[in-house]
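Below, read A as the first sequence line, B as the second, and so on, with proteins coming before strands; counting in each chain starts at 1. On a predicted model such as this, the values are computed, not experimentally measured, just so you know. When reading the values below, keep in mind they use all heavy atoms of this one structure, side chains included, and skip hydrogens, waters and symmetry mates.
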2 protein chains.
Amino acid sequence: MNRQTRQREAIESALIRADRPLRPAEILELAGPLCPGLGIATVYRQVKQGVEDGRLRLVEIPGSGTLYEVAGKHHHHHFECRSCGRVFEVDGCPGGLKGLTPDGFLLESHEIVLYGLCRDCCGSAA
Amino acid sequence: MNRQTRQREAIESALIRADRPLRPAEILELAGPLCPGLGIATVYRQVKQGVEDGRLRLVEIPGSGTLYEVAGKHHHHHFECRSCGRVFEVDGCPGGLKGLTPDGFLLESHEIVLYGLCRDCCGSAA
DNA sequence: TCTAAAATGAGAATGGATTATCATGAATCG
DNA sequence: CGATTCATGATAATCCATTCTCATTTTAGA
């Protein structure tokens, strides 16, 4: 799974171009044109391998399943559009999370997901 | 589904006593002793109805599936223990989320999930 | 108490996401 | 340029959560 294949390049390229986390099905859609015949099994194989190798990061959105994004970005969170379903990256992070943590609990990490309408959908699906 | 049954009372009682969101399987475990013979199908039927009636609220934790909690509480978030898997309620909410939202996006709601070790697991599973 | 309608329990069925299988095609390396 | 080994694609299989089915039990109300 470490050979340089057309499929792998197409998948990585799709993730880089999108610049947002993608679901396996979205990866197939976006990478398909770059690599005709690309199959969903290969997408699953590649993202799994990518996560193991540390090239990709797994993103879980409540109620929206599992997505993948290129790893190595700085700390950020996500915004899911309730109209088109796309998930976007949002920079920054509010402080004060430590303060929410109950006494005696150890805070190790956190996830923040914002919901609403993306720029494209603000007009059309308001 | 609006009759007062032993099963329904046991399920609501379990959710109230736990004072934290429960997965269907957890509800079955906790309510089972209160209502011998309770089946998982009934748990699913009751939580579904409860959400429709507004008595319960659905909580989705990334990677942990769907949980249910009693509705009507004030705004709060959740903490999932990576050791025991239980999900707890945490009060409060950091401000500044609006500031994270990209220009042109409409922020409607948000979810914050903290991860780490709960009080019980801090010692044993450190 | 008696009856009709609704809820339950057990297990089968479903749906969707992910993984396995295996013959074929492609990448690597001498 | 081979030969070898690995990756791929199609689809079957698996997994897990949730829902359905239906005979039986229970509730609510006359």
How long is the line joining [atom1] of [X] and [atom2] of [N], in whole Å?
X     : N      : atom1 : atom2 : result
A:I40 : D:dA12 : CD1   : C1'   : 16 Å
A:Q49 : C:dT18 : CD    : C1'   : 16 Å
A:E9  : C:dA26 : CD    : P     : 14 Å
B:Q4  : C:dT8  : CD    : P     : 12 Å
A:I61 : C:dA17 : CD1   : C1'   : 17 Å
B:I27 : C:dT8  : CD1   : P     : 13 Å
A:I11 : D:dG9  : CD1   : C1'   : 12 Å
A:L28 : D:dT11 : CG    : P     : 14 Å

Taking only the side-chain heavy atoms of [X] (C-beta and beyond), determine which of [options] contains the nearest atom.
X     : options               : result
B:P24 : D:dT27, D:dT18, D:dG9 : D:dT18
B:Q7  : C:dT28, C:dG9, C:dT18 : C:dG9
A:R3  : C:dT8, D:dT5, D:dA28  : D:dT5
A:L38 : D:dG9, D:dT27, D:dC20 : D:dG9

ask   = Yes or no on side-chain contact (heavy atoms from CB on, under 4.5 Å) for A:L15 and A:R17, after CA distance, side-chain angles and deciding distance?
value = CA-CA 6 Å; A:L15 284 164; A:R17 291 189 194 189; over 6 Å; no
query = Between B:R6 and B:A41, which has a closest nucleotide on DNA chain D that is more 5'?
reply =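 Its nearest nucleotide lies further toward 5', so the answer is B:A41.
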inquiry  = Using ring centroids (six-membered ring only for Trp), state whether B:H110 and B:H75 fall under 6.0 Å.
reply    =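 When the ring centroids of B:H75 and B:H110 are compared, they turn out to be within the sub-6.0 Å range.
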inquiry  = Ring centres under 6.0 Å, that's the criterion: do A:F79 and B:F105 meet it?
reply    =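 Here the rings of B:F105 and A:F79 have centres that are less than 6.0 Å from each other.
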Do the side-chain N or O atoms of [X] get closer than 4.0 angstrom to the phosphate oxygens (OP1, OP2) of [N]?
X     : N      : value
A:Y44 : C:dT19 : no
A:Q46 : D:dT8  : yes
B:T5  : C:dT8  : yes
A:T42 : D:dG9  : yes

inquiry  = Whether B:E9 and B:R6 form a salt bridge (side-chain N of Lys/Arg under 4.0 Å from carboxylate O of Asp/Glu) is what I want to check.
reply    =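 The answer is no: the pair does not qualify as a salt bridge.
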task = Ignoring hydrogens and angles, answer whether the base of D:dT19 and the side-chain atoms of B:R45 contain a donor-acceptor pair closer than 3.5 Å.
result =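 No, no donor-acceptor pair under 3.5 Å.
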message = Before you tell me yes or no, could you show the steps for A:Q7 and A:Q46 under side-chain hydrogen bond (donor to acceptor under 3.5 Å, both in side chains), namely the whole-Å CA-CA distance, both residues' side-chain angles and the distance that decides it to 0.1 Å?
response = CA-CA 9 Å; A:Q7 290 82 353; A:Q46 285 292 348; over 6 Å; no
